[in-house]
Trainee: 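Sharing a structure below in structure tokens format, with a few things to ask.
Proteins come first, then strands; the chains are lettered A, B, ... in the order of their sequence lines, and each starts at number 1. For the numbers below, each heavy atom of this structure counts, side chains included, while hydrogens, waters and symmetry mates do not.
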Protein chains: 2
Amino acid sequence: MTMNATPGTPGSGTTEAPKRRPTINDVAEAAGVSRGTVSRYLNGGKWVSPDAQEAIHRAIRRTGYRANQHARSLVTGRANALAFLLAEPQDRLFADPTYTPLLRGAAEALTRRQMTLNLLVASTPEERENVVAYMAGGHVDGAMLISSHENDPLLDLLLSHGIPVVSCGLPLGRTDTVASVSVDEAGGARAMVAHLRSRGRRRIAMITGPLDQPGGRYRLQGYREELGADFDEALVAHGDWGRESGSAAMTELLARAGDIDAVFAASDAMAAGAMATLRRAGLRVPDDVAVGGFDDSPLAVNLDPPLTTMHQPFDRISAEMVALLLETVAGGEIKSVILPARLVVRAST
Amino acid sequence: MTMNATPGTPGSGTTEAPKRRPTINDVAEAAGVSRGTVSRYLNGGKWVSPDAQEAIHRAIRRTGYRANQHARSLVTGRANALAFLLAEPQDRLFADPTYTPLLRGAAEALTRRQMTLNLLVASTPEERENVVAYMAGGHVDGAMLISSHENDPLLDLLLSHGIPVVSCGLPLGRTDTVASVSVDEAGGARAMVAHLRSRGRRRIAMITGPLDQPGGRYRLQGYREELGADFDEALVAHGDWGRESGSAAMTELLARAGDIDAVFAASDAMAAGAMATLRRAGLRVPDDVAVGGFDDSPLAVNLDPPLTTMHQPFDRISAEMVALLLETVAGGEIKSVILPARLVVRAST
DNA sequence: TACCCTTCTGTGATCGTGCACAATAGTGGG
DNA sequence: CCCACTATTGTGCACGATCACAGAAGGGTA
């Protein structure tokens, strides 16, 4: 019933419009109501009579209607999309297995909310400008900033443009002005050191990440705290997260202190490099030197021996990032969430 | 000069509009031309006098104008965005290092064109429906389909909705109706087998991927072709790309034929699994059994010994995918691009 | 009956852009 | 002097939705 098309249309017979996307007007017509009512139905359904709801529901099914996001965004000013913003230089990202599960988790969390994830890469200063201009252009409602450094110019740019941001990892220097989700870096480091000690190790070295990043700074801090009086400056070397740097740092450590019986690397990749150096030096893992990592990346299980490491709950991190960012966009207050890391014991310790 | 605001507005004094985004009208006013002229300038600049061009250019700089993509998309019907569509079940993607560089490369290629990359995940049938509905809603202009299987229902859905698609890897069963970019699977496999032979190996086994995927099927085909008369059915086992399956396949192979002196695994992860099994069986790599992989993933260099493998040119693949998809969107004919794989010799052979 | 309140519905205005079309000015040929 | 033609510019309309507002229907109270 009421299968009537718009009357008075100059006809090419039966089906005159081959495949035009149905609009809200088509739905309204099919349901016998006005587009205002359909619009209200779509946005919460308040102040719509049960009869109308039923009719509209069926009309939508029948027509296969889906709202045009562009039209919607134009009038509301909201994009229904979030940016996943990668700010690392190329070389690192290529080898970094860390953000893959984050990305995936974020995409899923957004899909569930009928929103979109836009992937943006800002390695160079030029790309940085582009990306910020893009975001300030209203294409997205907010940004998940993945790997931030202390006093990151990108973060400043975003904030100065009033773009809602949630940082993955505590944003050094801006802890109270930016929402963030991070793993308990210091706590994780302490747990690893405690584990190594429980294995009877006494000369525990550390290979840190860059100290201008939270993962670099706080994992070192946890290591230092847990060791307390046993802390020895000579047992600390610095890396850049990557495998090669771990290898180099291990060489340096061995030169400085021959009696090392354990190493805690702030990333699995650096742990892999350290293990290669140890092997080359004729030292066995874990018999002579135990090795612990951080991240629990896919890499860890492929090493020989498989690597003991701190597991990061990437799925929870990404889910929290999305939730927090949406809160921020909605005008909520700035919050920070810290999630626990979990020790995963394998054969390397 | 001409700092006058719109006259007749009931005033709150000097600056009445604190921070409204500049529109094309603001630019037109600032440049002293009409919005039509500005619009023409933005879309190619044809039929705009040099004077006007200059004025508009300066007005844009001064106002900081950026076109509103939503308004633009609303009228043109083009989203200026492409989807990166992941269609694998969860477990596999998590461990798969393959698509990370692809994703990154695609994002960069699009950024360069002032376009956006939307990441979509379709693991479950339900997500599949969602994602297709989303795309059919005009949010994106086309899709890069990452890991397709033979007679993939997702691919069918996309095609039936008229969504332009480029497949990463030859789409089995639809080779001539879908644009695709792939590596020379068979050629790569042949190169690896030839390499193993050049090392003096004669009993070369293979661990394949799923045969309903191009990488599974064609790498096996290349292996078979290169071996010719030496091909022996007993030396072929099947895996699912993952490490565990490689481990299991190797066990099976050793049980079937004790005289194996080389293995070609269709993925680095499976090669890693195979190496673990070989070690457990007391066989040395490469002394007793040489091992070759495929992908040149970050994993390869971390194995012990480092893995000889076929390098996939991910950066070129992603660039070609974007280019091809945009051609398809623009109505170009369906094309397929095949890129060469390159042998990377390391210590495992 | 008159009035207000609640619940539901329809209509006009609006978002910022591209596009078709008309209008204008300048140029050269007949 | 008129016409055709090109180069350039301005203007109305459409895209598809949300939102504010006004109006209609029904029910309770003075």
Trainee: Salt bridge or not for Arg174(B) and Asp152(B), using N-O below 4.0 Å?
Mentor: no

Trainee: Tell me whether Asp141(A) contacts the main-chain N or O of Leu82(A) through its side chain, where contact means a donor paired with an acceptor under 3.5 Å.
Mentor: no

Trainee: Within the structure, does a side-chain N or O atom of Thr76(A) lie under 4.0 Å from either OP1 or OP2 of dC15(C)?
Mentor: no

Trainee: Between Ser34(B) and Thr23(A), which is nearer to the 5' end of DNA chain D once each is assigned its nearest nucleotide?
Mentor: Ser34(B)

Trainee: Could you work out which one of dG10(C), dT17(C), dA17(D) sits closest to the side chain of Ala71(B)?
Mentor: dT17(C)

Trainee: Got a sec? Which of residues 38-50 of chain A come in under 4.0 Å of DNA chain C, heavy atoms?
Mentor: Arg40(A), Trp47(A), Val48(A), Ser49(A)

Trainee: What about Arg35(B): does its side chain form a donor-acceptor pair under 3.5 Å with the base of dG18(C)?
Mentor: yes

Trainee: Would one find more than 12 heavy atoms of other residues, nucleotides or ligands at under 6.0 Å from atom CZ of Arg113(A)?
Mentor: yes

Trainee: For residues 37-48 of chain A, which side-chain donor-acceptor pairs fall under 3.5 Å, sequence neighbours excluded?
Mentor:
{"from": "Thr37(A)", "atom 1": "OG1", "to": "Arg40(A)", "atom 2": "NH2", "distance (Å)": "3.4"}
{"from": "Tyr41(A)", "atom 1": "OH", "to": "His57(A)", "atom 2": "ND1", "distance (Å)": "3.4"}

Trainee: If you only use heavy atoms from C-beta on, which nucleotide in dT9(D), dG16(C), dG16(D) is closest to the side chain of Ala52(B)?
Mentor: dT9(D)

Trainee: Does any part of the side chain of Leu158(A), heavy atoms only, come nearer than 4.5 Å to the side chain of Val178(A), both counted from C-beta?
Mentor: no

Trainee: Below the 4.0 Å mark, does dA17(D) have OP1 or OP2 next to a side-chain nitrogen or oxygen of Ser73(A)?
Mentor: no

Trainee: Judged by modelled atom types alone, do Tyr134(A) and Thr111(B) share a side-chain donor-acceptor pair under 3.5 Å?
Mentor: no

